[in-house]
A.B. asks: 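One structure, as structure tokens, below. Some questions next.
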Amino acid sequence: MKVAYWPGCVSRGFTPELHGSMAKVAPLLDIELVQLDRASCCGAGVIAEHNQELADTLNARTFALAQQVQGADLMMNICSTCQGAQSECQERLDANTEYREHVNSTLAPEGLSYEKGLTNKNFLWLLVEEIGLDALAAKVKQPLTNLRVGPFYGCYIVRPRNRLGIDADHRRDNYLHELIAALGGTVVDYAGMRKCCGFPIITMNKDASLKQAGRHLGDAVDAEADCLVTPCPLCHLNLDLQQPLAERTVGRELNMPVLHLPQLVGLALGLEPKELGMNRHVVRPTSVIDWSTSVVGSAAA
Amino acid sequence: MPEAHDRPPQQFKLRLRRYDPESGQAPYWDEHTVELEPHRSVLEAVLQARDRFDGSIGIRCSCRQAICGSCGVRVNGEPALACHTHLDAALSGAPEGVIEIEPMGNMPVIKDLIVDMDEVHWKKIQRVTPWLLAKQPVPEREYLVPKESMVDVTQTMACIQCGACVSDCLAMEVDPGFIGPAALAKAYRFVGDPRDAEQHERLNDLAQDPQGIFDCTHCFKCVEACPKDVNPMGQIMRLRRIATSDQHIVDQNNGERHEKAFTGLIKDNGLLWEAELLPRSYGGNSFFGKFHPAAGKELVSSLPSIVKALLRGKVTPAGALKPHKIPGEDLKRVQSIYDRVEGREERYELNLYIAGEDEAAADELVTAGVASGAADTADAQVAEGAASAPGPEGTTSTDPTGPEEGAGSSAPAGEAPSTTAPPEAGTGQDPEIEKTGEEADAVGPGEDGEDTEKGSEG
């Protein structure tokens, strides 16, 4: 399938391995990525906090660009925060014709216009709802047998449920569980899996922020997870990049590798850890080595 | 299938969290099977268990119709009003066919399902000076307020002080001193009131407090928890917006600097430049921000992470020093959007709670939310039915004359028709919501008194 692909900012900044691994995984799943190079940052809630109309207009521009991609089935993102921030803007734009027209009038000089009803799905949703877990399982070359994976959903992709289209028939807040199982791994439940990683307040209240990251990582350690997987690069920043600081804050050794969603999928599809950028994490995915072949070891070294 | 209220009584298994701090015993789970019609509430089930099996079960309740806010608990791990949760709904969310009922979180347990609201929730409410500090002179009779201003704060007035948002606040979980969602939503009720004389003082206080408006992690837990659609997090964001953009308050928590740095960097580059965002959030929004002592101190404290990131090649010096940008033509377009929107005399804010959805939008609500499933057609028709059903007079009331009292019985005006709600449960659409405030715009300065008195322990 062909998708208008929005990688977001952080996947091209501090977590380049996310964008890179998505590019490797997409062809294996017959996903054609048409990257929205001209679009701007979703605002991550911060621009909306500053000025709601500004965030709505910038995202309407992104949506309009996505709607211009010929033959694309939908827009796809690889960042929960983009999903959440964009869904919030889209909710307002879709709900109120007058407001949408007002926002579109700002886009008009560029010849762009957003028409309501865009489908914008995170890669996780696309995997489950468009590709299907059975079809995905059929492509698995290296099942994640005996790998104990803790899902880390974060906030933006599970709350609020109404806005994100979560209901009894669309258990999007449980998709990571289903996915890990479909890839042959063992799902590890732990207290923090749908809690906040703490990233949004890292500059405002660093101690509380790192306490959040440290607690969830600690819970996962206690539940004997080998690694975590997250659909959110901002969560990855607090859980992986900041893990050395989180360890100090909570006063315990954590050493918990955190994988991006496409990396986990890529491993199961038979890609090498190094191709997936797993050597670039702050916490080495050494616990993944026990499960996988020695090739992983060389990547982590 | 017959409607819920026509169905005969059936058995429901309850698992209750029991705890008596004075007993010296650890908390434990207690199971009871009750028999009730499926449309009955979780509260009725607990009361039946108490009446029939164990008179010592503690739960607090009063009105039994989602107005008093006394019976906040956790049902299957999620915060809820026990009286406002139907048994059939609770059962469908119960993992093993057993409805799990626990006391709310973030507050100490007094006994079983009763938590100490005084110890946490009410202290925090008091913290924000929850009464009007009226501009003088106060008129002898009604203190008139423009209709739009009162409509603007109705959402925060819908709060019934049940504590569900406090229970699940993730910032409070790690930082118990955080003022928290309920109290900050209450703060907006007065910050947004044009009769209040202390708007700047209130905002400055809440912005400078390390556990104030900038301590919220934006996790949406309170949005999800609130049984009255108060959207506490949204109110916190509005407090931030007014504090930074209108009152130009520069706080000691980097809140204002972070927001400015973030929006500024997107205007300059179109995309985020993380390596520049962090130092600017500490040192100020300019190229020189990173040379500010505060930025230097932060840099040193973050060295363990930075060094590892550099070693792993996660962040390269070249990558960190150079922003990634969108193409020049597009950047110009983005900048002209900034100029146009930020140049407006007044910010244009759409609050769906107040504005509601227009009819055309409601028709396509389901298709917009979940696009792929063909099975959605049935749901779409349901949503359409809800949208076209005219709401009975008064059900969408956001009547500003008595919002605190009427909050419980008035359905939120802008509530989207739920995709699963049967048509009669929908609140209907009311595009002319403005008219609800027509009667009078007066509010007495002391109208908040009564919501501090409530709750009886059972």
Side-chain angles (χ1 to χ4, degrees), chain A residues 9-10 12-14 37-41 43 45-54 57-58 61 74 91-92 94-97 99 102 106 110 116-117 119 129-130 155 159-162 165 167-170 195-196 198 200-201 203-205 208 211-212 215 241-242 244-245 279-282, chain B residues 170-171 174-175 210 214-215 217-220 223-224 237 240-241 245 253-255 258-259 262-263 266 270-272 274 278 281 304-305 308-309 312-315 324 326-327 330 333-334 337-338 340-342 347-350 352 355 357-358 360-361 364 367-372 416 419-420:
Chain A
C9 302
V10 178
R12 291 176 281 177
F14 273 11
D37 281 323
R38 298 174 52 201
S40 62
C41 171
V46 182
I47 294 183
E49 167 193 325
H50 168 72
N51 186 318
Q52 194 191 76
E53 186 198 346
L54 180 59
T57 311
L58 292 174
R61 183 175 177 275
L74 46 81
E91 184 180 55
R92 283 189 287 267
D94 284 0
N96 192 303
T97 308
Y99 183 64
H102 168 77
T106 310
E110 198 179 351
K116 87 170 167 189
T119 302
E129 294 167 5
E130 306 291 330
C155 304
R159 285 182 294 272
R161 296 165 61 88
N162 282 349
D167 55 39
D169 298 325
H170 302 89
K195 290 186 179 176
C196 176
I201 52 168
T203 57
M204 273 87 94
N205 186 342
K211 221 179 246 175
Q212 289 189 302
R215 268 195 197 177
L241 180 69
Q242 302 277 20
L245 299 180
N279 50 327
R280 288 185 141 188
H281 294 184
V282 163
Chain B
L170 293 179
V174 290
D175 186 8
F214 292 110
D215 204 19
T217 66
H218 215 270
C219 72
F220 297 95
V223 180
E224 194 73 16
M237 295 308 132
R240 288 186 184 180
R241 196 177 298 149
S245 298
N253 306 303
N254 306 316
H258 180 72
E259 183 201 299
F262 194 109
T263 39
I266 306 303
L271 296 172
L272 189 59
E274 302 100 317
L278 290 173
S281 295
S305 283
K308 279 212 169 164
R312 297 279 194 279
K314 180 179 185 59
V315 181
H324 39 277
I326 59 174
D330 293 287
R333 298 295 186 182
V334 164
I337 290 173
Y338 264 79
R340 180 153 173 192
V341 174
E342 296 202 298
R347 280 191 305 271
Y348 188 154
E349 278 178 42
L350 178 73
L352 292 178
E357 306 209 14
D358 55 34
E364 287 170 43
T367 34
V370 181
S372 62
T419 54
T420 51

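Below, chains carry the letters A, B, ... as their sequence lines are ordered, and counting in each starts from 1.
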A.B. asks: Heavy-atom distance under 4.5 Å between the side chains of V334(B) and R61(A), does that happen here?
C.D. replies: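 When only atoms from C-beta onward are counted, R61(A) and V334(B) do touch, with a gap below 4.5 Å.
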A.B. asks: Taking side chain as C-beta onward, heavy atoms only, is Y338(B) less than 4.5 Å from T57(A)?
C.D. replies: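 Heavy-atom side-chain distance check fails, nothing below 4.5 Å.
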A.B. asks: State, with a plain yes or no, whether a side-chain heavy atom of L241(A) is found less than 4.5 Å away from one of K308(B).
C.D. replies: no
A.B. asks: Between F262(B) and chain A, which part of the residue has a heavy atom less than 4.5 Å away: side chain, backbone, both or neither?
C.D. replies: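 Only the side chain of F262(B) comes within 4.5 Å of chain A.
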A.B. asks: Is any side-chain heavy atom of N96(A) less than 4.5 Å from a side-chain heavy atom of E357(B)?
C.D. replies: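 Answer no - side chains too far apart.
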A.B. asks: Sort out for me which of H258(B), H218(B), R333(B) touches chain A most, counting heavy-atom pairs under 4.5 Å.
C.D. replies: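 Of H258(B), H218(B), R333(B), R333(B) has the most heavy-atom pairs under 4.5 Å with chain A.
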A.B. asks: I'd like to know which of H281(A), Q242(A), K211(A), E110(A) tops the heavy-atom pair count under 4.5 Å against chain B.
C.D. replies: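 Ranked by contacts with chain B, first place is E110(A).
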A.B. asks: Looking at D175(B), D215(B), V223(B), which makes the most heavy-atom pairs under 4.5 Å with chain A?
C.D. replies: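 Ranked by contacts with chain A, first place is D215(B).
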A.B. asks: Could you walk me through whether N254(B) and T203(A) pass the side chain to side chain donor-acceptor pair (under 3.5 Å) test, one step at a time?
C.D. replies: CA-CA 7 Å; N254(B) 306 316; T203(A) 57; 5.5 Å; no
A.B. asks: What heavy-atom pair brings I326(B) and R38(A) nearest, and what distance separates the two atoms?
C.D. replies: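 I326(B) and R38(A) have their closest heavy atoms at CD1-O, 3.8 Å.
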A.B. asks: Do S305(B) and V282(A) come within less than 4.5 Å of each other through their side chains, counting heavy atoms only?
C.D. replies: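 Side-chain contact under 4.5 Å: no.
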A.B. asks: Does the pair R92(A) and L352(B) meet the rule for a side-chain contact (heavy atoms from CB on, under 4.5 Å), with working shown?
C.D. replies: CA-CA 7 Å; R92(A) 283 189 287 267; L352(B) 292 178; 4.2 Å; yes
A.B. asks: Is there side-chain contact between L271(B) and R12(A), with at least one heavy-atom pair below 4.5 Å?
C.D. replies: yes
A.B. asks: What are the two closest heavy atoms between M204(A) and F214(B), and how far apart are they?
C.D. replies: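 Looking at all heavy atoms of both residues, the closest pair is CB-O, 3.4 Å.
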A.B. asks: Of the backbone (N, CA, C, O) and the side chain (C-beta and beyond), which part of S281(B) lies under 4.5 Å from a heavy atom of chain A, both, or neither?
C.D. replies: side chain
A.B. asks: Taking all non-hydrogen atoms of both residues, which atom of Q212(A) and which atom of L170(B) are closest, and how far apart?
C.D. replies: NE2-O, 3.0 Å
A.B. asks: Taking it one step at a time, do L54(A) and I337(B) satisfy side-chain contact (heavy atoms from CB on, under 4.5 Å)?
C.D. replies: CA-CA 7 Å; L54(A) 180 59; I337(B) 290 173; 4.0 Å; yes
A.B. asks: Please find the pair of heavy atoms, one from T106(A) and one from R340(B), that lie closest to each other, and give the distance.
C.D. replies: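 So the minimum-distance heavy-atom pair works out to CA-NH1, 3.7 Å.
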A.B. asks: Considering only heavy atoms, which portion of P210(B) lies under 4.5 Å from any heavy atom of chain A: side chain, backbone, both, or neither?
C.D. replies: backbone
A.B. asks: Restricting to non-hydrogen atoms, name the atom on Y348(B) and the atom on Q52(A) that form the minimum distance, rounded to 0.1 Å.
C.D. replies: O-OE1, 4.3 Å
A.B. asks: Would you mind checking which part of L350(B) comes under 4.5 Å of any heavy atom in chain A, side chain (CB onward), backbone (N, CA, C, O), both or neither?
C.D. replies: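 Answer is both: backbone and side chain atoms of L350(B) are under 4.5 Å from chain A.
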A.B. asks: Could you tell me the separation between the SG atom of C9(A) and the CD1 atom of I266(B), rounded to the nearest 0.5 Å?
C.D. replies: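 Spacing of SG (C9(A)) from CD1 (I266(B)) equals 5.0 Å.
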A.B. asks: So do E259(B) and E49(A) actually touch side chain to side chain, heavy atoms under 4.5 Å?
C.D. replies: yes
A.B. asks: Can you measure from CG (L278(B)) to CZ (F14(A)) and round to the nearest 0.5 angstrom?
C.D. replies: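 Reported value, rounded in 0.5 Å steps: 6.5 Å.
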A.B. asks: Pick from E274(B), M237(B), E349(B): which one has the most heavy-atom pairs with chain A under 4.5 Å?
C.D. replies: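 Of E274(B), M237(B), E349(B), E274(B) has the most heavy-atom pairs under 4.5 Å with chain A.
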A.B. asks: Taking C-beta and beyond as the side chain, do N51(A) and R241(B) meet within less than 4.5 Å on heavy atoms?
C.D. replies: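 SC-SC contact between N51(A) and R241(B) ruled out.
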A.B. asks: What part of I47(A) lies closer than 4.5 angstrom to a heavy atom of chain B: side chain, backbone, both or neither?
C.D. replies: both
A.B. asks: Look up atom SG in C219(B) and atom CZ in R159(A), then write down how far apart they are to the nearest 0.5 Å.
C.D. replies: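 That separation rounds to 5.5 Å.
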